[in-house]
Undergrad: 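Below you'll find the structure I mean.
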Amino acid sequence: MRVSQLLIPTLREVPAEAEVVSHQLLVRAGFIRKTAAGVYTYLPLALRVLKKIEKIVREEMARQGGQEILMPIIQPAELWQESSRWDVYGPELFRLKDRHGRDFCLGPTHEEIITALVRGEVSSYKQLPLLLFQIQNKYRDERRPRFGLMRGREFIMKDLYSFDMDEEGLHTSYQKMYEAYSRVYDRCGLKYRVVEADSGAIGGSDTHEFMVLAASGEATVVYCSSSNCDYAANVERANALYDQESSREEPESKREVYTPSQTTIKDVAVFLGEGREKTIKTLIYKTEDGLVAALVRGDREVNEVKLYNTLGCLQLELADAATIQDVTGAQVGYAGPVGLDMRIVADPEVNNMVNAIAGANKTGYHLVNVNPGRDFKVDTLTDIRMVQAGEPCPRCGSALDEAQGIEVGQIFKLGDKYSRALGAVYLDDKGQEQYIIMGCYGIGVTRTMAASVEQNHDQQGIIWPASIAPFQVVVIPVSTKDEAQVKMAEEIYNKLLQAGVEALIDDRPERAGVKFKDADLVGYPLRITVGSKGVKSGQAEVTERQTGETVMVPQQDIIYKVCDMLEKDV
RNA sequence: CGGGAUGUAGCGCAGCUUGGCUAGCGCGCUUGCCUUGGGAGCAAGAGGCCGGGGGUUCGAAUCCCUCCAUCCCGACCA
C-alpha cells in the first residue's frame with residue numbers, strides 16, 4: 001500500500017491526556033483515537049496489528065482443538081439472574097433496557113451465554129470434551145478507565161470455554177490452554193511470565209495469569225531467582241514463609257509512652273529508636289459483617305486479597321477517620337490491638353513478636369513491650385501480608401525477585417459453578433446425570449497490543465516485533481522528485497509484494513527527514529531507503545528498526561536480505 | 001464514589017488574577033515559490049458557539065451559580 005493513501009495521522013506532539021507510553025505512542029503514531037473515556041477507534045494500522053494477534057490466537061486455539069463461534073454482545077438479564085451474577089456483578093455491568101422495558105447487559109464475559117448454549121446442545125459424554133472460543137468485544141463499565149488501551153471500557157478479548165466430564169478432563173484442557181497461551185505470547189514476540197494467581201470470588205482451584213513484563217504494569221509479581229525453580233506468583237497470591245522461632249527476648253512489662261504527632265509506623269519507629277519490624281501495624285477495616293482489625297508487622301503491607309479471602313466477606317474497605325476515632329477513642333495513627341473490641345486477624349509474624357510497639361488507642365500515645373497472647377487475643381491467625389522481594393521462595397527457599405507485569409491473559413478452572421447454576425448436565429456412560437466441568441480462558445487482544453508497545457519502544461517510537469507489525473517493511477525514496485530513485489523504490493516495493501512481504505512505499509512528496517521520523521514512530525521492523533548514491537551503485541539501504549543497523553544491499557539481493565532478516569524475528 | 005486538576009482552531013498551549021475595541025502563539029492544514037539523507041525556508045490564506053446552560057454587567061474567554069466532559073491520585077477491579 002501507499003503511505004500517501006493510507007490514513008496514518010501521526011502527531012508531532014504528545015497528546016496531553018495520554019499518560020502511559022503505549023497510549024502516547026499509539027495516538028501519536030496514528031493507530032488509535034479516543035471516542036469516549038475508555039472507548040477507542042482503531043485506525044488502519046491498529047486494526048492490522050489486532051488482526052495479526054487474532055490470527056496467532058486463532059491458530060493456537062485451533063491447534064488445541066478449539067472451535068470458533070461468535071456470541072452476542074447484548075445479553076438478556078434472565079441468564080445473569082440464573083447465575084445470580086445480575087446482582088453480584090455490580091455497577092461494572094453495562095445495563096440497558098429495550099423499548100419494552102426488558103433488561104439486558106453488554107457482555108463483560110460470556111459464561112452465562114455459553115453455558116446456556118451447551119446445556120441445550122450437549123447431552124451425552126460422547127460430545128465431550130468441547131472447547132469453544134470467540135473473539136469479541138467486551139464491556140466493563142470501569143469506575144475509572146485509564147492508561148489508554150490498558151484499562152478500557154470496551155475491549156477485544158478472546159475467550160475460550162472448556163467443557164469436560166470430570167476434573168481429570170478439565171486438567172487436560174487446562175494444560176492445553178497453558179500450552180496454547182505460551183505459544184501465543186512467544187509468537188507475539190513478548191517477554192512474559194506465567195504466574196500463579198488468586199482465583200478471587202470465582203473460587204476455582206487452579207488459575208494462572210500471563211504477565212507481560214513492563215515497568216508500567218499494574219500488577220506486581222514475585223518469582224524465584226534460582227534457575228532451578230520456576231516459582232512465580234502474583235503478589236496477591238504469593239504465600240509467605242514464616243520463621244518458627246520466636247525471639248529469645250524476655251517479655252517485659254507493657255508501658256505507655258508519649259509519642260506526640262507520631263502517626264506513621266516510620267515516625268514512631270524513628271521516634272522510639274527502634275526498627276519498623278518492632279512495631280505492629282493495626283489497620284481497621286469495614287466489612288458488611290462489622291469492623292475487623294488486621295495486624296501485620298510494621299515493615300509489612302496488608303494483602304487485602306488474602307484478607308478478603310480469609311474473612312469471606314463481600315465488602316472490604318479501610319474504615320474512615322470518624323469510625324476509627326469512634327472505636328479506638330483516638331485519632332488515626334494511634335490504633336493498637338490492646339483492648340480493641342472487634343475481631344482481630346493477625347499475620348503469624350505478629351504472633352512471634354516479643355516486646356513490640358503498638359498504638360495505645362489514645363491520641364499521642366503508643367505502648368511498648370506489647371506481647372501477643374498476654375496483652376491481646378488474636379481471633380484469626382493466618383497469612384494476610386504482602387510478600388516482598390528478597391524473601392524466601394515458598395518452594396525452594398531461594399530469594400524472590402520482584403517485577404511489574406501487565407496481565408494479558410488468564411486461565412481458570414471453573415469446575416461446576418456455572419453448569420450447576422444453569423443446569424448444564426450430560427449423561428455418563430452409565431446413564432447417570434452429571435454436571436459438566438468447565439474452564440475459562442481469556443486473552444486481552446487490545447491489551448496485548450498495548451503491552452507490546454510498553455515493552456518494545458524507544459525515544460523515537462514503537463518497535464513492533466515482526467510477527468505483529470502492521471507492515472513489515474517501508475520503502476522510502478529519499479526524494480520523490482528524483483525519477484531514478486522513485487523508479488528503483490517502486491521496483492523494490494513491487495518485488496517485495498510479489499514475495500509476499502507486507503510492504504509499504506512512502507511515496508509522499510515529503511522531505512526525507514519527515515518520512516524517516518514517521519517510519520521510526522510507527523515502528524516498521526525494516527526500512528529500505530533509496531537515495532541518490534544508492535541509485536548510482538544499484539544499491540539500497542536496509543535498516544533494522546530494533547537496532548538501527550544499516551546495510552547497503554544490491555538491488556537484486558534485497559528480497560533475500562529482507563526475507564532473511566524477517567525470518568529471524570518471526 | 002472521595003480528593004485534585006483541566007476544558008480556548010485538528011494537536012500543543014497563552015490570555016482569565018485586575019471584564020473593554022478585530023481572541024492570540026507554535027505545530028499541522030490550503031495555495032504559490034523554493035527545498036529534498038533525520039520533523040527546512042519565504043509569502044499569502046482557511047479554520048473558533050473560548051465545553052453547555054443560567055446569572056452579574058453598558059460590556060464576559062475573563063466574575064458568580066449550575067450542569068457536562070476529560071485527565072491524575074485514591075478506593076474498586078469474576
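Below, chain A is the first sequence line, B the second, and so on; all start at residue 1.
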Undergrad: When you match A:Y89 and A:R28 each to their closest nucleotide on RNA chain B, which lands nearer the 5' end?
TA: A:R28

Undergrad: Which comes earlier along RNA chain B counting from the 5' end, the contact point of A:V14 or that of A:P108, where each point is its nearest nucleotide?
TA: A:V14

Undergrad: From B:rA78, B:rC76, B:rU70, pick the nucleotide closest to the side chain of A:R85?
TA: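 That would be B:rA78.
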
Undergrad: For the P atoms, the ones on B:rA40 and on B:rU30, what distance do you get once it is rounded to whole angstrom?
TA: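 It comes out at 15 Å once rounded to the nearest Å.
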
Undergrad: Answer yes or no for A:R527 and A:F516: cation-pi contact, defined as NZ/CZ to six-membered ring centre under 6.0 Å and angle to ring axis within 45°.
TA: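 Pair A:R527/A:F516 counts as cation-pi.
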
Undergrad: Measure from the side chain of A:S479, starting at C-beta and using heavy atoms only, and say which of B:rU36, B:rC71, B:rG39 lies closest.
TA: B:rU36

Undergrad: Can you say whether a donor on the side chain of A:R151 sits under 3.5 Å from an acceptor on the base of B:rC77, or the other way round?
TA: yes

Undergrad: Does the side chain of A:R12 get closer than 4.0 angstrom to OP1 or OP2 of B:rG39 through an N or O atom?
TA: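 So the side chain of A:R12 is outside the cut-off, no N or O lying under 4.0 Å from OP1 or OP2 of B:rG39.
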
Undergrad: Looking for any heavy atom pair under 4.0 Å, which part of the strands does A:R527 touch: base, sugar-phosphate only, or nothing?
TA: base

Undergrad: What's the gap between B:rA75 and B:rA14 when it is taken at their C1' atoms, as a whole Å value?
TA: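 Result for the C1' pair: 36 Å, nearest Å.
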
Undergrad: What is the distance from CD of A:E510 to C1' of B:rC29, rounded to the nearest Å?
TA: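 To the nearest whole Å, that distance equals 12 Å.
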
Undergrad: With rounding to the closest Å, how many angstrom separate the C1' atoms on B:rG52 and B:rU70?
TA: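 Going atom to atom, C1' in each nucleotide, I get 15 Å.
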
Undergrad: Whole-Å distance between B:rC77 P and A:E209 CD?
TA: 14 Å

Undergrad: Rounding to an integer number of angstrom, what distance separates B:rG53 and B:rG7 when you compare their C1' atoms?
TA: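 Roughly 16 Å separates the two C1' atoms.
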
Undergrad: Using purine N1 to pyrimidine N3 plus N6-O4 or O6-N4 for Watson-Crick, or N1-O2 and O6-N3 for G-U wobble, each under 3.5 Å, what pairs with B:rC25?
TA: B:rG12

Undergrad: Between B:rC71, B:rC72, B:rG39, which nucleotide gets closest to the side-chain atoms of A:A37?
TA: B:rC71

Undergrad: The side chain of A:R146 lies closest to which of these nucleotides: B:rG39, B:rC1, B:rC73?
TA: B:rC73

Undergrad: Answer with base, sugar-phosphate or nothing: what part of the nucleic acid does A:D520 contact at a heavy-atom distance below 4.0 Å?
TA: base

Undergrad: Do the side chain of A:E209 and the main chain of A:V195 share a donor and acceptor less than 3.5 angstrom apart?
TA: no

Undergrad: Considering only atom C1', compute the distance from B:rA61 to B:rG24 and round it to an integer number of Å.
TA: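 Approximately 12 Å lies between the C1' atom of B:rA61 and that of B:rG24.
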
Undergrad: Within the 4.0 Å heavy-atom criterion, would you say A:K515 contacts the bases, only the backbone, or no part of the nucleic acid?
TA: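 Result for A:K515 = nothing.
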
Undergrad: Check each of A:Y42, A:W464, A:Y40 against A:F31 using the ring-ring contact (aromatic ring centres under 6.0 Å, His included) test, and report the only one that passes.
TA: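 With A:F31 as partner, A:Y42, A:W464, A:Y40 yield a single ring-ring contact (aromatic ring centres under 6.0 Å, His included), made by A:W464.
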
Undergrad: Whole angstrom is fine here: how far is it from CD1 in A:I476 over to C1' in B:rG39?
TA: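 These atoms are roughly 13 Å apart.
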
Undergrad: What's A:P91 touching, base or sugar-phosphate or nothing? Going by heavy atoms closer than 4.0 Å.
TA: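 Nothing: the residue A:P91, judged by heavy atoms under 4.0 Å, touches no strand.
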
Undergrad: Could you tell me how far apart A:E142 (CD) and B:rC73 (C1') are, to the nearest whole angstrom?
TA: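 Result: 16 Å.
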
Undergrad: Starting at NZ of A:K286 and ending at P of B:rG2, how long is that distance when rounded to a whole Å?
TA: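 So the two atoms are 14 Å apart, to the nearest Å.
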
Undergrad: Heavy-atom count check: over 12 atoms from other residues, nucleotides or ligands less than 6.0 Å from A:L47 CG?
TA: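 Yes.
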
Undergrad: Could one point to a donor on the side chain of A:K481 or the base of B:rU35 with an acceptor on the other under 3.5 Å away?
TA: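 Result: at least one qualifying N/O pair found.
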
Undergrad: With a 4.0 Å cut-off on heavy atoms, is A:E304 in touch with a base, just the backbone sugar-phosphate, or nothing at all?
TA: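 The residue A:E304 makes sugar-phosphate contact but no base contact.
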
Undergrad: Which listed nucleotide (B:rU70, B:rA78, B:rA40) is nearest to the side chain of A:F412?
TA: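 Closest of the options to the side chain of A:F412: B:rA78.
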
Undergrad: Using the C1' atom as the reference point in each nucleotide, state the distance between B:rG37 and B:rC33 in Å, no decimals.
TA: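 Pairwise C1' distance, B:rG37 against B:rC33, rounds to 23 Å.
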
Undergrad: Report the base-pairing partner of B:rG41 (Watson-Crick or G-U wobble, both distances below 3.5 angstrom), or none.
TA: B:rC33

Undergrad: Do side-chain atoms of A:Q455 reach the backbone of A:L213 as a donor and acceptor pair under 3.5 angstrom?
TA: yes

Undergrad: Paired with B:rG74: which nucleotide, if any, by Watson-Crick or G-U wobble criteria at under 3.5 Å for both distances?
TA: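 Looking at the geometry, B:rG74 pairs with B:rC1.
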
Undergrad: Please report the distance, rounded to the nearest Å, between CZ in A:F147 and C1' in B:rC72.
TA: 9 Å

Undergrad: List the steps and the verdict of salt bridge (Lys or Arg N to Asp or Glu O under 4.0 Å) for A:R385 and A:D347.
TA: CA-CA 7 Å; A:R385 73 175 175 87; A:D347 189 81; 3.7 Å; yes

Undergrad: Please measure how far the P atom in B:rA43 lies from the corresponding atom in B:rU57, and state the result in whole Å.
TA: 48 Å

Undergrad: In whole Å, measure the gap between the P atoms of B:rC16 and B:rC63 for me.
TA: 9 Å

Undergrad: Rounded to the nearest angstrom, tell me the gap between atom CG in A:D518 and atom C1' in B:rG39.
TA: 8 Å

Undergrad: Let me know the distance between CZ of A:R144 and C1' of B:rG3, rounded to the nearest Å.
TA: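 In whole Å, B:rG3 C1' and A:R144 CZ are 11 Å from each other.
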
Undergrad: If we call it a pair only when both distances are under 3.5 Å in a Watson-Crick or G-U wobble match, what pairs with B:rC50?
TA: none

Undergrad: Mind running side-chain hydrogen bond (donor to acceptor under 3.5 Å, both in side chains) on A:R85 and A:Y418 for me, showing each step along the way?
TA: CA-CA 10 Å; A:R85 286 209 293 182; A:Y418 293 94; 3.0 Å; yes

Undergrad: Strictly by Watson-Crick or wobble contacts shorter than 3.5 Å, is anything paired with B:rG7, and which nucleotide is it?
TA: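 Paired with B:rC68.
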
Undergrad: If you check the A:T10 side chain, which of B:rC76, B:rG39, B:rG37 turns out closest?
TA: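 The answer is B:rG39.
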
Undergrad: Can you find an N or O donor on one side and an acceptor on the other, under 3.5 Å apart, linking the side chain of A:E13 with the base of B:rG26?
TA: yes

Undergrad: Would you confirm whether A:Y161, through its side chain, and A:H110, through its main-chain N or O, come within 3.5 Å as a donor-acceptor pair?
TA: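 Indeed, once roles are kept as given, a pair shorter than 3.5 Å links the two residues.
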
Undergrad: Looking across every strand, which nucleic acid part, if any, lies under 4.0 Å from A:E541 by heavy atom: base, sugar-phosphate, or nothing?
TA: base

